[in-house]
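Residue indices begin at 1 and follow the sequence shown.
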Amino acid sequence: MKRLLLSALATVSLLSPLACDLEKTTNQLKADHVIVGTLLSTPQVDVSASAMAGYDAGTFGPDGGDVVSFPGQTAAFVFFGTKSGENSQPQGLSGATVTLNTGSAAGVPLNGQGGGSYGVTSDSTDDLKYASGATYSFFAEQGGTKYEARVEDAPTKEAIPAFHPAEGFVRINANTAFAFDRPAPPPNQDRTLGFVTVVPLGSNGEKGQSTYSNVPTSPVEFLQLAATPALFREARVTIPATAFPNPKQTYLVIFQAVRMGGPESDNLFLGSVVLAGTAEVGIVRTN
């Protein structure tokens with residue numbers, strides 16, 4: 001499977017007008033260092049307390065006195081590692097200096113978390129911000145050598161009308177799939193990638209463990225994404241019934257519209273993938 005994915009990556013890169021530098025592409029195919037990373041932002045979300053308790057939306061809204069607010073957050077994550085062959089699992093590299101840069105602004109340091117993972121959130125620094133249209137560079141430096149992956153034109157929030165019915169939240173039966181349509185992309189532009197995460201909420205607003213997510217988390221999943229991005233560009237998105245297992249439960253549905261980038265420096269493997277995006281959030285209440 002991995003051999004097929006690498007072959008697909010090579011074919012796509014050679015045919016793409018963005019890969020006009022054959023020498024650079026060849027170097028990236030042979031490179032043994034890998035960066036995969038995400039910059040994801042979610043807005044503040046106001047949830048009706050009565051909706052979480054199972055009542056009608058009633059006074060849903062900022063003036064109704066019936067709102068639990070979840071602050072917005074931006075989070076950056078990077079995995080930096082090496083691979084020894086086309087079928088090898090990447091091995092994480094600790095002790096690197098990893099930063100996220102926006103244009104000419106000073107880079108935001110990402111903290112080492114062990115195993116080649118690095119991250120930071122806006123809860124711990126005011127310097128981490130998401131801006132639509134920006135170019136983000138993910139840098140790693142180790143042993144005096146620098147590696148860069150880049151994503152350009154970070155997308156705007158994608159409005160999903162199905163998330164905002166008149167009642168203020170979506171009602172479905174438990175163990176029922178929920179489907180929604182994405183708006184058409186601007187003329188002459190590809191649709192952004194779309195990722196979904198579903199999180200249950202308690203009656204007091206506490207967040208539970210995610211019941212569903214298709215956001216890539218492992219280096220292999222990022223590699224698969226690079227080879228088959230069309231799977232995440234469908235106009236209609238269906239969240240499986242297993243994402244809503246419990247009756248009389250409120251769920252946050254977080255839809256991330258994401259732009260994908262890749263290696264900028266010659267010394268990074270072609271399958272390095274970085275993502276930047278921002279979220280639309282809906283509220284689902286099960287019967």
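- Nearest heavy-atom pair, L100 versus L39, reported as atom, atom and distance to 0.1 Å: CD2-CD1, 3.8 Å.
- Annotation: the span from E280 atom CD to K157 atom NZ amounts to 4.5 Å, rounded to 0.5 Å.
- The cluster map of Ile, Leu, Val, Met, Phe, Trp and Tyr, joined by side-chain heavy atoms under 4.5 Å apart, puts V78 and V34 in different clusters.
- When the side chains of ILVMFWY residues are joined at heavy-atom separations under 4.5 Å, either directly or via intervening members, L128 and L40 end up in two distinct hydrophobic clusters.
- Residues L231 and V196 do not share a hydrophobic cluster, defined by chaining ILVMFWY side chains whose heavy atoms lie under 4.5 Å apart.
- Proximity of a side-chain donor or acceptor of N175 to a complementary backbone N or O of P245 within less than 3.5 Å is detected.
- Taking CZ of F180 as the reference point, atom CZ of R236 lies at 9.5 Å (rounded to 0.5 Å).
- Here the rule is side chain to side chain contact (heavy atoms under 4.5 Å, CB included) with L252, and of V198, T197, I283 only I283 fits it.
- For N173, the CG atom is densely surrounded, since the number of other residues' heavy atoms within 6.0 Å is greater than 12.
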- Item | Pair H33-L93, side chain to side chain contact (heavy atoms under 4.5 Å, CB included): steps then yes or no | CA-CA 9 Å; H33 282 73; L93 293 174; 3.8 Å; yes
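- Annotation for T156 and A257: closest pair O-CB, 4.2 Å, computed over non-hydrogen atoms.
- The CZ atom of F80 sits 12.5 Å away from atom OG of S117, with the distance rounded to the nearest 0.5 Å.
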- Test side chain to side chain contact (heavy atoms under 4.5 Å, CB included) on Q28 and E264 and set out the steps. CA-CA 9 Å; Q28 290 172 338; E264 180 65 18; over 6 Å; no
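- Residues that satisfy the side chain to side chain contact (heavy atoms under 4.5 Å, CB included) test with I172, not counting sequence neighbours, are V170, F178, F244, V284, T286.
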- Message: Working note: N246 + Y251, criterion side chain to side chain contact (heavy atoms under 4.5 Å, CB included); need CA distance, chi angles, decisive distance, verdict.
- Response: CA-CA 10 Å; N246 299 320; Y251 297 87; 3.7 Å; yes
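- In this structure, a donor-acceptor pair under 3.5 Å is present between the side chains of T217 and E221.
- Aromatic ring orientation, F255 versus F163: perpendicular (interplanar angle above 60°, classes split at 30° and 60°).
- Taken from CD in Q91 to OG1 in T82, the straight-line distance is 6.5 Å, to the nearest 0.5 Å.
- With contacts defined as side-chain heavy-atom distances shorter than 4.5 Å, the pair P216/F195 qualifies.
- A donor-acceptor distance shorter than 3.5 angstrom exists from the side chain of R285 to the backbone of K248, with no hydrogens or angles considered.
- For the side chain to side chain contact (heavy atoms under 4.5 Å, CB included) criterion with R191, the lone passing option out of P185, P186, P229 is P185.
- With hydrogens and angles ignored, the 3.5 Å screen pairs no side-chain donor or acceptor of T99 with any backbone N or O of N101.
- Here the side chains of Q89 and P219 are not in contact, with every heavy-atom distance at 4.5 Å or above.
- Nearest heavy-atom pair across A226 and M260 is CA-SD, 4.4 Å.
- With a 4.5 Å cut-off on side-chain heavy atoms, V258 and F232 do not count as touching.
- Cluster annotation: F77 is not connected to Y130 through the hydrophobic network of ILVMFWY side chains, with a link wherever side-chain heavy atoms come within less than 4.5 Å.
- Between G208 and V199, the shortest heavy-atom contact is O-CG1, 3.4 Å.
- The structure places CG of L110 at 10.0 Å from OG1 of T121, a figure rounded to the nearest 0.5 Å.
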- Task: Please lay out, stage by stage, how F139 and I35 fare under the test side chain to side chain contact (heavy atoms under 4.5 Å, CB included).
- Result: CA-CA 9 Å; F139 282 100; I35 285 179; over 6 Å; no
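- Across every non-hydrogen atom of L270 and T25, the tightest pair is CD2-CG2, 4.5 Å.
- For the pair T211 (side chain) and A243 (backbone), a donor-acceptor distance under 3.5 Å is present.
- The hydrophobic clustering, which links ILVMFWY residues whose side-chain heavy atoms are closer than 4.5 Å, places F169 and I239 apart.
- No donor-acceptor pair under 3.5 Å is formed between the side chain of S272 and the backbone N or O of V36.
- For Q142 (side chain) and T97 (main-chain N/O), no donor-acceptor pair under 3.5 Å exists by modelled atom type.
- No hydrogens or angles considered: nothing links the side chains of R259 and T192 as a donor-acceptor pair under 3.5 Å.
- Here E148 does not pair with K146 in a salt bridge; the nearest charged N to carboxylate O distance is not below 4.0 Å.
- Smallest separation of non-hydrogen atoms from L275 and L193: CD2-CD1, 4.2 Å.
- Between Q113 and N111, the side chains place no donor N or O within less than 3.5 Å of an acceptor N or O (distance only, hydrogens not considered).
- In this structure, D153 CG and Q189 CD are separated by 7.0 Å, a value rounded to the nearest 0.5 Å.
- When side chains are defined from C-beta on, Q73 counts as touching D123, because their heavy atoms get closer than 4.5 Å.
- Between K83 and D32, no side-chain nitrogen of the basic residue sits less than 4.0 Å from a carboxylate oxygen of the acidic one, so the salt-bridge criterion is not met.
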